[in-house]
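Presented below is the structure to which this report refers.
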Amino acid sequence: MTTHNDTAQYTSSEMMTITAARALSNDMTCFVGIGLPSEAANVARLTHAPDVTLIYESGTLQTKPDVLPLSIGDGELCESALTTVSVPEMFRYWLQGGHIDVGFLGTAQIDRFANLNTTVIAANHPESGKNGAHSYANPKVRLPGGGGAPEISTNAKEVFITVKHSKRTFVKDVDFITTIGFGRDGKGRDNLPTIGRGPSVVITDLCILKPDPATKELIVTSLHPGTTKQDVIDATGWEIKFADSLETTPTPNEKELQVLRELKARTEKAHSAQEIK
Amino acid sequence: MTTHNDTAQYTSSEMMTITAARALSNDMTCFVGIGLPSEAANVARLTHAPDVTLIYESGTLQTKPDVLPLSIGDGELCESALTTVSVPEMFRYWLQGGHIDVGFLGTAQIDRFANLNTTVIAANHPESGKNGAHSYANPKVRLPGGGGAPEISTNAKEVFITVKHSKRTFVKDVDFITTIGFGRDGKGRDNLPTIGRGPSVVITDLCILKPDPATKELIVTSLHPGTTKQDVIDATGWEIKFADSLETTPTPNEKELQVLRELKARTEKAHSAQEIK
Amino acid sequence: MTKFMTLKDAVATYVKDGDTISLEGFTHLIPFAAGHEIIRQKRRNLSLIRMTPDLIYDQLVGAGCVRKLTFSWGGNPGVGSLHRVRDAIEHEYPCKLETVEHSHAAMANAYEAGAAGLPLAVFRGYVGSELPLVNKEIATITCPFSGEQLAAIPSIKPDVGIIHAQKADRAGNVLIEGIIGVQKEVVLSAKRSIVTVEEIVDDLDVTPNACVLPAWTVDAIAVAPEGAKPSYTLGYYDRDNNYYKQWDNISRDRDSFNQWLESHVFGQGDV
Amino acid sequence: MTKFMTLKDAVATYVKDGDTISLEGFTHLIPFAAGHEIIRQKRRNLSLIRMTPDLIYDQLVGAGCVRKLTFSWGGNPGVGSLHRVRDAIEHEYPCKLETVEHSHAAMANAYEAGAAGLPLAVFRGYVGSELPLVNKEIATITCPFSGEQLAAIPSIKPDVGIIHAQKADRAGNVLIEGIIGVQKEVVLSAKRSIVTVEEIVDDLDVTPNACVLPAWTVDAIAVAPEGAKPSYTLGYYDRDNNYYKQWDNISRDRDSFNQWLESHVFGQGDV
């Protein structure tokens, strides 16, 4: 566990979550993916953005869970929601209907154009090229699949992504585009006025990346304290570029760390309460 | 007011309503039009068919009103319903989804192929032919329009129609097909496997009509007691045919008449309770 | 974000001449108070959309606010005609009225598609009906899987959606209960929305799947007690069926309608 | 008409080898008891449909009941992989498993379209995704009004729809509350349907717009207390998140899975 000495002691995971949380503001409606995005979104709600509207694909609108859900449809989400709608209504009226400011996603693989792969890992398979169509049938690793992401990414006004930084995850070209960032050539959203503007920020445990306005290639705009350019280069599967005005990410404050740690402790306790029969 | 001396005194309207009520059986789900169909359906429910499922297009599922609704969405319908769904859900899931056995409709005009017109009366207008497209823009009488009927008629498994018999209403060809019976030539439902089988019975204050199995032209299958063939001929705008095995409609019984009259009295009282401010 | 406003301010802020507007409520929760405020503020050239035009649109049409009406059943339910609408269609009084006519299924699907952010609604409709001959909006598409021909019409996305509801909480979340019609769809599909409510409460106190519109989907909330009369609000007051019957006489004659308008609409202050 | 039956009789009557079956419940109300009964009755060659396969389908696949799986997210939520499903896909153990893969939006729309009696679902989906390259069901249609290209997929109409719900009344009307997922759509679109419930009550005691399935939409109702465990039933018991975590170990190994199957499914009587 890496720790940094600044105003507070924190891990790189905590740095990632809290930085991701800070990307959300109080007046946003956020369609929340399970896992890291859910953790970040709830830290935001419990710190600087108490009125942020969190929506989960299970149909729970404006939910305020006290512990993090393990699944996308834990009872906690429904019980603390303003109301709960059916899943078809959630995808038709609320997501496709244009009511979501931010889709907050995690991923298994991400490439330089912020395309996401949660379908198959197949790059090392003998039959595979880099084209998902060829490697899909006989994958090296079968991942869970797209879930809500393919349409969250196109029907939300913008997309935030949070994922741990590693060469396995940050690849030049994803094995399969489950969910579009900006397409194989960065132009996948051009001339499509009915879809959202796509990923605007990627938050990792090392840095913050944003798409270059012209090419849509992800470039590093901010390094987390204690991270070097070389750390990022080593953990990225393409020749990563850095912004001219590279910033240093502000560190977590005491309150954020306390909220995150208490949330995780409550969650751990809640999920371990029962023994298998 | 016509009365008949049989087992009981009753009017021709009562004869019509009770005959229409008898067309419904206890195990049917019926999508109920306002007015005469609603009256008949509720008499059925209060007599021989206590478990008949009545559905109104306002979204009220399995409703049991104590008084007849004046509108399709009176509070009575919702308060006595099993549950109430949205109007899009009603038309998509319940009607189009194939859950309706019988659509029970009234009409302003009906023709020999049981096509219904509730759009425009235009036959006497100088610009009009018999084609709705030509007479629509400048109607003699602007009727309320189709409402639910066009899709009730095609998405319910079969259709019952109840309407008072007159030469103005029973025309050879309707001025405008709002709602298909069997089309302008009687073949309008041929080769359309996804729609219902259409009108199976028309109940008037004079008789019962059913489509000829081959031609789909409406023919009289039963005369109400006291009605002559000539009465029907005089009240019908085409050369009406009579079934070879023409029957006499059974008369209303005391219980049916009592239920109908009490229902109408309760309704009258309920709708007159308030004065305009 | 939601703003609590007077109905006068809400209409002044969000309803403009020439707008396409849906005032909805399927028999239940018809926003009469809002309609009267639009008449008082003398909006003109409105394109009105409503499945069942009812008295509220008879009044707006008779008052000269409307140039176009999209509908699927236009009548005084259980009573008869909308005389002001007919006078406008048949005699262009007080002004010409263009109409676009659909079936209920079509409009319900078009509202649903509007709320779903789609450009079109696809449904099994208009089979054998002659409405497609007189309504150019109605197209067909062929299912690529079954080959079935289905009806397609443009989705409804009004400039302004106006509904009445039971109540809002202090954060501006709105509860609709009973016959909910296309109320949710109107608010979700409209560019701007106004909701009148019977009252503001501390807590909506609802079951898990209640029909609740979050505050951020509504532009303005105005308290309008009895704002749906002579329609009704489940849990608050009944439909005034007798009013609907008497409207037949009031509306049949231009003079008596105009008298009614002066005394019952223009003569009333804002809510 | 609805029949109250034992779960054993309901599955014996309505679930046949080779059927296309949806056991649904979006995290909430997953019909585990019904799934286990299908395993006990050794149904084979089933085509299973489910947005989120979850443990219940891992168990059915591992038990050899399934030849085809249509899904949009297949995992143990918050824990990891479905090892039995992966073993079937990657190593054809215990038998070959064909898969059809969609997104959630696609399947939600396909269930909605199935309930709506339509042959296809139309939605704004799969833009830029490579799933259409590997799923031949995904087509596009062009909106005749806007020119927009939209995704189209066949609607879902299973032979059998199986759900768990809170309760039924004595007439057989069913209340579903909380995260209602696609439960209503599954029952309305399926040719035959089985609903397991926690209990039968005299009166559902619901608000006006509660999610209630009328008795005549359901073929069989079986009382199965705790029938959704380790999933949950809002108002009755919580999700057993720890069970989900421990499943990872049980299912990772063929032998430990088969042991679990013997003791926890075949070793149990019918409910």
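Residue numbering restarts at 1 for every chain, and letters A, B, ... go by the order of the sequence lines.
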What's the spacing between [X] [atom1] and [Y] [atom2] if we round to 0.5 Å?
X        : Y        : atom1 : atom2 : answer
C/Leu133 : B/Phe176 : CG    : CZ    : 6.5 Å
B/Thr194 : C/Leu150 : OG1   : CG    : 7.5 Å
B/Arg142 : C/Glu101 : CZ    : CD    : 4.0 Å
C/Thr27  : B/Leu70  : OG1   : CG    : 9.5 Å
B/Ser71  : C/Asn241 : OG    : CG    : 6.5 Å
C/Ile179 : B/Cys78  : CD1   : SG    : 5.0 Å

Considering all heavy atoms, the nearest [X]-[Y] contact:
X        : Y        : answer
B/Phe91  : C/Ala108 : CD1-CB, 4.1 Å
C/Ser129 : B/Thr178 : OG-O, 2.8 Å
B/Ile177 : C/Gly128 : CG2-O, 3.4 Å
C/Gly125 : B/Glu151 : CA-OE2, 3.3 Å
C/Ile180 : B/Ser86  : CG1-CA, 3.8 Å
C/Val182 : B/Pro88  : CG1-CD, 3.5 Å

Ring pair (Phe, Tyr, Trp, His ring centres under 6.0 Å) partners of residues 96-122 of chain C, not counting sequence neighbours, each pair once: C/Phe26-C/His104
Hey, which of [options] has the most heavy atom pairs under 4.5 Å with chain C?
options                             : value
B/Ala149, B/Gly188, B/Ser58         : B/Ser58
B/Met90, B/Arg189, B/Glu57          : B/Glu57
B/Leu116, B/Val87, B/Ile180         : B/Val87
B/Pro144, B/Gly145, B/Pro193        : B/Pro144
B/Gly59, B/Gly147, B/Gly146         : B/Gly147
B/Ile34, B/Leu95, B/Leu77, B/Asn155 : B/Asn155

Sort [X] into side chain, backbone, both or neither according to what part of it lies under 4.5 angstrom from a heavy atom of chain B.
X        : answer
C/Thr233 : neither
C/Ile89  : side chain
C/Arg124 : both

Residues B/Asp74, C/Asp238; criterion side chain to side chain contact (heavy atoms under 4.5 Å, CB included); working and verdict: CA-CA 8 Å; B/Asp74 280 19; C/Asp238 291 337; over 6 Å; no
Main-chain N/O of C/Gly178 paired to B/Thr84 side chain as donor or acceptor, under 3.5 Å: no
B/Tyr136 and C/Asn135, any side-chain heavy atoms less than 4.5 Å apart: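 Counting from C-beta outward, C/Asn135 and B/Tyr136 never come under 4.5 Å.
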Quick check on the interface: out of [options], who has the most heavy-atom pairs with chain B under 4.5 Å?
options                      : result
C/His28, C/Glu185, C/Glu177  : C/Glu185
C/Met107, C/Met51, C/Glu148  : C/Glu148
C/Lys245, C/Gln149, C/Gln183 : C/Lys245

Against chain C, label [X] side chain, backbone, both or neither, depending on which of its atoms sit under 4.5 Å from a heavy atom there.
X        : value
B/Gln96  : both
B/Glu89  : neither
B/Leu192 : side chain

Check against salt bridge (Lys or Arg N to Asp or Glu O under 4.0 Å), C/Glu90 and B/Lys140: CA-CA 9 Å; C/Glu90 294 169 13; B/Lys140 185 176 168 217; over 6 Å; no
Verdict with supporting geometry, C/Trp73 and B/Leu143, side chain to side chain contact (heavy atoms under 4.5 Å, CB included): CA-CA 9 Å; C/Trp73 194 90; B/Leu143 298 166; over 6 Å; no
CZ (B/Arg266) with more than 12 external heavy atoms under 6.0 Å: yes
B/Lys157 atom NZ, neighbour heavy-atom count above 12 within 6.0 Å: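 It does: B/Lys157 NZ has more than 12 such atoms within range.
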Lys/Arg N to Asp/Glu carboxylate O, C/Glu130 vs B/Arg184, below 4.0 Å: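 Counted as a salt bridge, because a side-chain N and a carboxylate O are separated by less than 4.0 Å.
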